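Since this is a predicted model, take the numbers as computed values, not measurements.
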Amino acid sequence: MKKRYLTGIVMLTAAMLGACSGQKTTTETSKVDTTEVNTESEKASTETPGGVIEIEFWHALENQYEATLNKVVDEFNKTHTDISVKPVYVGAYAALNEAIVASNAAGTGLPGVAMANIPYVAGYGSSNLCEDLGPYIERDGFEIDDFGEGLVKAAKYGDTQVALPFLVSTEVVFYNKDMASELGVEIPEKWDDMPAFLEKASVPGERYGMAIPGWNTWYYEPFFINNGVKMVTDENTTDFASEKGIQVVNTMKDWCDAGYTYLAVGEDAASEMRQKFLNGETLSVIYTSSLYNTMVETCPFEVGMTWLPSGDTKIQELGGNVLFIPAKNSQEVKDASWEFLSYLMGKDVNMIWASESGYLPTRKSVQDTEEGKEFLESKPAFQVIFDNLDLIDPGIQRSDWSQITAILKNYVEEIIEEDLDVEDSLKEMEAEINEILSDS
């Protein structure tokens, strides 16, 4: 098996974490050409002669979020005569990352506020790309403690608050409630009960009991975590090739070999997996909670949503994005950008996003408001997430983590697709990952 060292950021597919790939741009939202980011966008965020600070908000939100995005930005612009915000769709998280890194290196064309997928936070923090938000938080008495502990941690680099959590999600199992009722099955709460469920829910060659996204390890990392695998140990190594790690991958492979589960991989993995679910070719799919609205609105059956089957623990990981202010902008632009950023983090705007998308409310206090209660009344399936909020972890915050998970993804895919020996492959993978860990 060949080496898999990656020097660049791995491109993510249409339904990654926050489901923000954005396959096409829209007429009302500008798009940055990342090949010309430093020539055509040299004045992305500036102060005009008339005293109005014009800033761009670079994001990766695809079309289904356009109406909500335009609504909240328009409201800000109406109530702030000295600041004008222009939302700019850049592309998927990877394309957005490339544009930010290029503009930061050039020192021109930077937006006032930018979105980043959570795994990028460590890299941005280590390179001092982000403004330290601590002084702004302290100056304005911003209620940072109103966010969940895991959310705050996900937006930190070390002890520095380099970003704030914006649209966040976690892994869930979506399932066909009509089919489950007809078959008399329930999504199991425990990993050990999965074989019995899959055997009853599956018809090999016709229907899978569960589909597992293989394009991003975020979706199945909880299988390792909750079955006792330390993806990074205290000694700065990994134990993916431990007895427990081998057991997890062996189990996933056995399910796939039996025709019980489907590992979605390849260029169109996300759309193909969704289509299988729509067609009734799989009873359930592991996916991101951010797509709740989309799944409910597009499926011709009643959609259920529940927690992933757990092992000794039931930890899940935080997905989605954070917002940050590029550090190289002028102080005037950064002050205006903080005004917009803190507005987006407000309780009212937070509930607009939660109500009109599948993203989670990020402010703890909203759960006790009328708006929060109305949210759960309209989306009772989210109760399982609220009941387990303290179990949603920000995941491993390392600048090399995207490189490591790319290696994990490739090995798991090849083990299952090419019928490789699990133990030998994981030992080879562990050696590659440990070499990367030893350099950091």
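If you look at W338 and F142, their ring centroids are closer than 6.0 Å. Between F197 and Y175, the ring center distance fails the sub-6.0 Å criterion. Under the 6.0 Å cut-off for aromatic ring centres, W191 and W255 qualify, their centroids lying closer than that. Taking the centre of each ring, F240 and F224 come in below the 6.0 Å mark.
Ring geometry, Y287 versus F174: the interplanar angle exceeds 60°, so the pair is classed perpendicular (tilted spans 30 to 60°). The aromatic rings of F277 and F301 sit perpendicular to each other, their planes meeting at more than 60°, with 30° as the lower class boundary. Using the six-membered ring where Trp is involved, F166 and F57 have ring planes that are perpendicular, over 60° apart on the 30 and 60° scheme.
Under 4.0 Å is where a charged nitrogen must lie from a carboxylate oxygen, and between K427 and E423 at least one such pair does. Taking 4.0 Å as the cut-off between side-chain N and carboxylate O, K230 and D239 do not count as a salt-bridged pair. Remark: E189 does not engage K314 in a salt bridge, criterion side-chain N to carboxylate O under 4.0 Å. Taking the charged nitrogens against the carboxylate oxygens, K190 and D192 have no contact shorter than 4.0 Å, which rules out a salt bridge.
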Does the side chain to side chain contact (heavy atoms under 4.5 Å, CB included) test come out yes or no for L360 and F382, once each step is laid out?
CA-CA 9 Å; L360 306 177; F382 274 80; 3.5 Å; yes
Kindly indicate, with the supporting measurements, whether the criterion side chain to side chain contact (heavy atoms under 4.5 Å, CB included) is fulfilled by L183 and R207.
CA-CA 12 Å; L183 296 174; R207 184 182 68 236; 3.4 Å; yes
Derivation and outcome, side chain to side chain contact (heavy atoms under 4.5 Å, CB included), residues R363 and E143:
CA-CA 9 Å; R363 305 287 292 260; E143 298 174 313; 2.9 Å; yes
Test side chain to side chain contact (heavy atoms under 4.5 Å, CB included) on L426 and I415 and set out the steps.
CA-CA 9 Å; L426 289 184; I415 287 169; 4.0 Å; yes
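Residues satisfying the side-chain contact (heavy atoms from CB on, under 4.5 Å) criterion with V101, sequence neighbours excluded, are N97, Y124. With sequence neighbours excluded, the residues forming a side-chain contact (heavy atoms from CB on, under 4.5 Å) with S126 are Y157, S399, listed by chain and number.
Of the N and O atoms on the side chains of E131 and Y136, at least one donor lies less than 3.5 Å from an acceptor on the other residue. Side chains of N236 and R398: a donor on one and an acceptor on the other come within 3.5 Å. N350 and T362 are linked by a side-chain donor-acceptor pair at a separation below 3.5 angstrom, with hydrogens and angles left out of the test. Counted by atom type alone, T298 and T294 present zero donor-acceptor pairs between their side chains at under 3.5 Å. Judged by distance alone, the side chains of N293 and S357 never bring a donor and an acceptor atom under 3.5 Å apart.
Nearest heavy atoms, H59 versus L96: C-CD2, 4.0 Å. Heavy atoms only, all atoms of each residue included: I100 and P111 are closest at CD1-CG, 3.8 Å.
By the neighbour-count criterion of 12 heavy atoms within 6.0 Å, atom CD of Q383 is densely surrounded, having more than that number from other residues, nucleotides or ligands. The environment of CD in E418 is crowded: more than 12 heavy-atom neighbours from other residues, nucleotides or ligands sit within 6.0 Å.
A distance-only check finds no donor-acceptor pair linking the side chain of E56 to the backbone of V113 [under 3.5 Å]. S202 places a side-chain N or O within donor-acceptor distance of the main-chain N or O of L198, the cut-off being under 3.5 Å.
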